[in-house]
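Letters go in sequence order (proteins before strands), and every chain restarts at 1.
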Amino acid sequence: MKWLMCMLSVLGLWLLLFWSLDPWVIGTGVFFALIVGGLLGEIYPDGIAKALDPRRWFFLLVFLPYFLWYCMRANVDVALRVIHPDVPIRPGIVKVRTTLAGEMSRTFLANCITLTPGTLTVDIDGQDFYIHWLNIDTDDEARRTAEICGRFEPLLRRIFE
Amino acid sequence: MPDIAYWLIGVGLAFDLFGCIGLVRLPDVYNRAQAATKCVTLGTCVMLAGVAVAAFGESGGAIWPMGIKAIICAVFILLTSPVAAHAICRGAYLSGVPLWPGSVEDAFGPRAQDIRNEQAAAQTQRAEHEETQAS
């Protein structure tokens, strides 16, 4: 099942990139999908049946603009710090704990943290995240967690868990 | 339609420029990786969005494939660049690159030591294994 899903997604991507239904294109696409699927089907994520639930897609559609908004704000923030004459930063590595348990959701949370306001995931150890923060503005553990993970956790839980 | 595309490409270029300035002005590897991931990722994605708008705005659909490629590239950059930044920072820390002296906190130290010990243990184990096989 996993192998088949991997082959189908590779084939879909191939057809999108070529944007034609020429028999030659489809033939080579199937050929390479078989090779790639055979080699990498093993590491394809488990529980792909979850993706058929329309509610997950709805929350994904809600999540995207929400995420892009924070991404935008992050960029403006970092850009302002960079062109400020004094470069006002207070960097450091902090440790926060997430409530998400799933492998997929934690991966995406880590990626979202990296792409938003001055935070970069250095390592994940179970549910502990080590975050490099460009501008540490509070010493309070709870507020840090809320500021770094709290924004995305509820939506990511609905999408991936 | 072309106006929107040009605006998007311009904004993307501006963000890329800020990313590069950050790369020069910020102090250490970790801070520089921040500028390199955030600004450059979003800047490039916005530029690709501009390309997609230009392609889909063209009548007839002759250059649609270009727009689709631009969107797929944007998705791939969004998925891979944070992973790359994470790998660079983790590798830099584990190989002993110090944080900037002005850093206010370092919670990763103990965990990094654990990982280094684990790696060293695995290496000696492998060396012993090879030795026994050779003899």
When you look at A:Arg81 and A:Asp77, which way does the salt bridge (charged side-chain N to carboxylate O under 4.0 Å, His left out) test go after all the steps? CA-CA 6 Å; A:Arg81 281 181 201 289; A:Asp77 180 68; 3.4 Å; yes
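- Only the side chain of B:Tyr93 comes within less than 4.5 Å of a heavy atom of chain A; its backbone N, CA, C and O stay farther away.
- Per-residue counts of heavy-atom pairs under 4.5 Å with chain A were compared for B:Pro65, B:Ala85, B:Ala87, B:Cys45; the largest is that of B:Pro65.
- Among all heavy-atom pairs drawn from A:Ile159 and A:Arg56, the shortest one is O-NH1, 2.8 Å.
- Residue contact with chain A, scored on non-hydrogen atoms closer than 4.5 Å, is absent for B:Ile88.
- Using a 4.5 Å cut-off between side-chain heavy atoms of Ile, Leu, Val, Met, Phe, Trp and Tyr, B:Leu48 falls into a hydrophobic cluster with B:Ile77.
- Contacts between B:Leu17 and chain A at a heavy-atom distance below 4.5 Å are absent for every atom of the residue.
- Considering only heavy-atom pairs separated by less than 4.5 Å from chain B, the leading option among A:Thr114, A:Asp125, A:Ile93, A:Val76 is A:Ile93.
- Of the inter-residue distances, the one linking A:Leu68 atom CG with B:Leu42 atom CG reads 7.5 Å to the nearest 0.5 angstrom.
- The two residues B:Cys89 and A:Leu120 come nearest to each other via the heavy atoms SG-CD2, 3.6 Å.
- For a heavy-atom cut-off of 4.5 Å, chain A lies close to B:Phe18, B:Ile21, B:Gly22, B:Arg25, B:Leu26, B:Pro27 in residues 18-29 of chain B.
- When only modelled atom types and interatomic distance are considered, B:Arg116 and B:Gln113 share a side-chain donor-acceptor pair under 3.5 Å.
- Judged by distance alone, with hydrogens and angles left aside, the side-chain atoms of A:Glu153 form no donor-acceptor pair with the main-chain N or O of A:Thr98 at under 3.5 Å.
- Within the 4.5 angstrom heavy-atom criterion, only backbone atoms of A:Ile124 (N, CA, C, O) approach chain B.
- Ring-plane geometry between B:Trp64 and A:Trp19 is classed as tilted, the angle between the planes lying from 30 to 60 degrees on a 0 to 90 degree scale.
- Heavy-atom pairs under 4.5 Å with chain B were tallied for A:Asp123, A:Leu17, A:Ile83; the largest tally goes to A:Asp123.
- At a threshold of 4.5 Å between non-hydrogen side-chain atoms, the residues A:Leu134 and A:Arg90 do not count as touching.
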